[in-house]
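Please read the structure below before turning to the comments.
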Amino acid sequence: MSAIPNVLAERYASQAIRNIWSAEGRIVLEREFWIAVMKAQKELGLDIPQEAIDAYESVKDQVNLQSIMDRERVTRHDVKARIEEFCDLAGHQHIHKGMTSRDLTENVEQLQVYRSLLILRDKTIATLAKLDARAQQWQGLLITARTHNVAAQPTTFGKRIAMFGEELLGALGSLNYLTESYTVRGLKGAVGTQMDQISLFEGDLDKVNALENSICKHLGIPEVYDNVGQVYPRSLDLRTVSVLTDLASGPSSFSRTLRLMAGHETASEGFAKGQTGSSAMPHKMNSRSCERVNGFQTILKGYLTMATGLAGDQWNEGDVSCSVVRRVMLPDAFYACDGMFETFLTILNQMDAYPAVIEAENEHYLPFLMTTTIMMEAVKAGVGREAAHKVIKEHAVATVNDLRAREINKNDLLGRLAEDDRIPLNLEQLNALLEEGRENAGSARSQVDAFSKKVADWTSRFPDAQNYEPGSIL
């Protein structure tokens, strides 16, 4: 019987994330954890032969998933099956002393989460570095900004990119705070009281604490809970999945916007040699990678809903109703977020803008885009704001309707305003405002500079991260 693939893992996620969350990788992490506990227990005085530790070390990478599954069908207990498998391979029975299943699974799962978060932190910084490069590249490329997807005022393409980049910067701050404050459960026993470890060490609480500190050092996670029950609070999983969803939000909005721009042929995500947009329509060059990023965001929102269902639902010291949810939610949320970054980094590498098309769009819309400026000049000339607004709106709507009806083929709004005595500005003055508008996008250029400085702060803190390049995506 063939295995059913995990599409998120096999089609989209990078090898680094797959290694952390694969069944084989998980079992090796568990075995390394058991060995670390044994070593610490031996150092603290428990009678564990070195030859036993060496035996476990020698077989820790011998993972037979089918054998473990066969044992679980008998025991109906996943951890017991893995204990039996490891002990039979080593020929000893020294692992898991004083431990409950959750001493193993909670800590190892948290290690998987923590290591995955560090990978995504680097990819976020690499993404920001590429967004910064693109923002600087098109810092001065004037485009028609849109609100409600309708032409609004001038901006620059670099400013638009920096806008979504700054959203990602905010998510990176949350991610970094999570990694720096992430808290591991530690060795707390069946109900969080460390009773079995205390019994093993004849009531010596100092040795029990030393054991836990040693294990937390092995995990490399910055904080350890003082008060937990059988499980760590599932609100921590909620914060984790929430951060992953947050990380995808800026790239998703960017990708949706790039899809809209591609429809107007002002920019695109790129089109690789040999790529096909449609099996039926040879001319199509679809924004399929941007669509994929949007899809990942939808998936992450689904896992966020699952995480909210677990937070605040703990019974007493713990239960296992969360188990089936977390088996799906945690690895797949990381697969989705990782796949999003692999895809989005590829988009940033391959995307392009088309200044000639952009200029044609600007030429069509620019008189409309300058109506706010014209209104302010009319106000300064003594016209009431609402009166000026009414007149300009009247002519703007009429111009739009005539353009749509093809009664005119060029935007003549300025001429109409110049002929209206209610607006005390002549055609020469209006044309001067228009020409100024061709180069004036407010503070757009300086805002790109501000974004670049913020990105530089992160790349200086994590200089190796900015060099990450995505793998080949399907």
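Quick note: residue numbers are just sequence positions, from 1. Every heavy atom of this structure was used, including side-chain atoms; hydrogens, water molecules and symmetry mates were not.
For residues 310-330, the pairs satisfying salt bridge (charged side-chain N to carboxylate O under 4.0 Å, His left out) are Asp78-Arg327, Glu109-Arg326, Asp237-Arg326, with sequence neighbours left out. Screening residues 210-219 for side chain to side chain donor-acceptor pair (under 3.5 Å), with sequence neighbours left out, gives Lys188-Glu212. The salt bridge (charged side-chain N to carboxylate O under 4.0 Å, His left out) pairs that include a residue from residues 147-156 number zero, where partners must be two or more places apart or lie in different chains.
Annotation: side chain to side chain donor-acceptor pair (under 3.5 Å) contacts of Trp458 (sequence neighbours excluded): none. Residues satisfying the side chain to side chain contact (heavy atoms under 4.5 Å, CB included) criterion with Thr372, sequence neighbours excluded, are Gln153. Asn411 is linked by a side chain to side chain donor-acceptor pair (under 3.5 Å) to nothing, counting only residues two or more places apart in sequence or in another chain. The side chain to side chain contact (heavy atoms under 4.5 Å, CB included) test applied to Thr156 returns Lys159, Ala441, Ala444, Arg445, not counting sequence neighbours. Remark: Tyr56 engages Phe86 in a ring-ring contact (aromatic ring centres under 6.0 Å, His included) (not counting sequence neighbours). Among residues two or more places apart in sequence or in another chain, the ring-ring contact (aromatic ring centres under 6.0 Å, His included) test is passed with Phe451 by none. In terms of the ring-ring contact (aromatic ring centres under 6.0 Å, His included) criterion, Tyr232 has no residue partners (sequence neighbours excluded). Residues satisfying the ring-ring contact (aromatic ring centres under 6.0 Å, His included) criterion with Trp138, sequence neighbours excluded, are Phe157. Residues that satisfy the salt bridge (Lys or Arg N to Asp or Glu O under 4.0 Å) test with Lys454, not counting sequence neighbours, are Glu166.
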